[in-house]
Amino acid sequence: MTQTETTTAASGGDDRAEADGLLAPVPDDDGAPFFGYAARGELRVQCCADCGEPRFPPRPCCPHCQSFESLWKKMSGRGRIWSYVLPHPPLLPAYAAQAPYNVVLVELADAPRIRLVGNLVASADAALNSVPPGRIRVGAPVKAAFHGTDGGLTVVRWLLERP
């Protein structure tokens with residue numbers, strides 16, 4: 001997975017190549033609001049308007065109460081690294097040039113059952129390999145950063161809370 005696959009689940013899993021060779025999500029109707037909020041620098045998660053349960057990836061029906069009513073709740077953008085991997089070998093040429101890079105699974109502080117995939121980077125627009133692998137720790141506190149892709153979408157990346 002890549003930094004742009006942070007929201008692949010929100011896009012139904014379809015990817016397209018960006019101009020720089022990295023993958024970018026293709027938003028579907030359910031996931032499109034996620035990207036709209038990200039473009040404004042907000043991390044929001046779809047929640048059920050009836051029972052209040054957050055859900056990710058976004059989908060039409062609540063898996064808890066089966067309601068079709070939803071809203072997008074603003075999150076603090078904070079979380080912790082739940083897991084991570086350093087892909088070996090990178091499967092696509094554009095990623096090979098940035099190896100070793102990381103892929104992190106972040107558990108949101110505001111919604112612990114929600115986990116988002118992304119990359120831990122030194123700054124929102126830094127290279128995927130900008131954080132040395134030795135600095136990545138399960139449980140490390142992180143905060144969301146927003147990166148504009150070549151394809152015009154904004155994706156969520158992650159920064160260490162204590163650099």
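These figures come from a predicted structure and were not determined experimentally.
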- Side-chain contact, heavy-atom cut-off 4.5 Å: Pro25 with Phe35? yes

- How long is the gap from CD on Glu42 to OG1 on Thr154, to the nearest 0.5 Å? 12.0 Å

- Measure the shortest side-chain to side-chain distance between Arg115 and Val106 over non-hydrogen atoms and say whether it is less than 4.5 angstrom. no

- Query: With no hydrogens and no angle check, is any side-chain donor or acceptor of His147 less than 3.5 Å from a backbone partner on Val155?
  - Reply: no

- Message: Assigning hydrophobic clusters by single linkage (Ile, Leu, Val, Met, Phe, Trp, Tyr; side-chain heavy-atom cutoff under 4.5 Å), is Val138 placed with Val131?
- Response: yes

- Message: Is the shortest side-chain heavy-atom distance between Leu105 and Leu116 below 4.5 Å?
- Response: no

- State which residues pass side-chain hydrogen bond (donor to acceptor under 3.5 Å, both in side chains) with Ser123; sequence neighbours excluded, sorted by chain then number. none

- Quick one: are Pro60 and Asp30 in side-chain contact, heavy atoms under 4.5 Å? yes

- Taking the side chain as every heavy atom from C-beta outward, state whether Leu120 and Val142 have any pair of such atoms under 4.5 Å apart. yes

- List the atom of Arg162, the atom of Pro141, and the distance in Å for their closest heavy-atom pair. NH2-CG, 3.2 Å

- Message: Working note: Val121 + Trp158, criterion side chain to side chain contact (heavy atoms under 4.5 Å, CB included); need CA distance, chi angles, decisive distance, verdict.
- Response: CA-CA 6 Å; Val121 292; Trp158 300 96; over 6 Å; no

- Message: Is any side-chain heavy atom of Leu108 closer than 4.5 Å to one of Leu43?
- Response: yes

Donor-acceptor pairs under 3.5 Å, side chain of residues 80-88 to any protein atom, not counting sequence neighbours: which ones?
unit_1 : atom_1 : unit_2 : atom_2 : d
Arg80  : NE     : Glu107 : OE1    : 2.8
Arg80  : NH2    : Glu107 : OE1    : 3.3
His88  : NE2    : Leu86  : O      : 3.3

- Task: Please report the closest heavy-atom contact between Pro27 and Ala32, naming both atoms and the distance.
- Result: CB-CA, 4.0 Å

- Message: If I take atom CD from residue Glu69 and atom SG from residue Cys51, how far apart are they, to the nearest 0.5 angstrom?
- Response: 12.0 Å

- Query: Going by heavy atoms in the side chains, are Cys47 and Ser70 under 4.5 Å from each other?
  - Reply: no

- Query: Does any pair with a residue in residues 53-65 pass side-chain hydrogen bond (donor to acceptor under 3.5 Å, both in side chains), and if so which ones, sequence neighbours excluded?
  - Reply: Gln46-Arg55, Glu53-Arg113, His64-Arg113

- Query: Who passes side-chain hydrogen bond (donor to acceptor under 3.5 Å, both in side chains) against Arg78, sequence neighbours left out?
  - Reply: Glu161

- Note on the structure: Applying side-chain contact (heavy atoms from CB on, under 4.5 Å) to Pro93 and not counting sequence neighbours gives none

- Task: Please name the pair of heavy atoms, one in Pro112 and one in Ala109, separated by the smallest distance, quoted to 0.1 Å.
- Result: CD-O, 4.1 Å

- Item | Side-chain heavy atoms of Asp110 within contact of Met75, under 4.5 Å | yes

- Sequence neighbours excluded, which residues qualify as side-chain contact (heavy atoms from CB on, under 4.5 Å) partners of Pro33? Tyr37, Trp72

- Under 3.5 Å donor-acceptor, Asp50 side chain and Ser67 backbone: no

- Message: Between Ser130 and Ala122 (side chain of the first, backbone of the second, donor and acceptor by atom type, cut-off under 3.5 Å), is there such a pair?
- Response: yes

- Query: So, does Asn102 use its side chain to make a donor-acceptor pair with the main chain of Asn119 at under 3.5 Å?
  - Reply: no

- Which atom of Arg135 lies closest to which atom of Leu160, heavy atoms considered: NH2-CD1, 3.4 Å

- Message: If I compare all heavy atoms of Phe68 with all of Cys61, which pair ends up nearest, and what's the gap?
- Response: CE2-CB, 3.7 Å

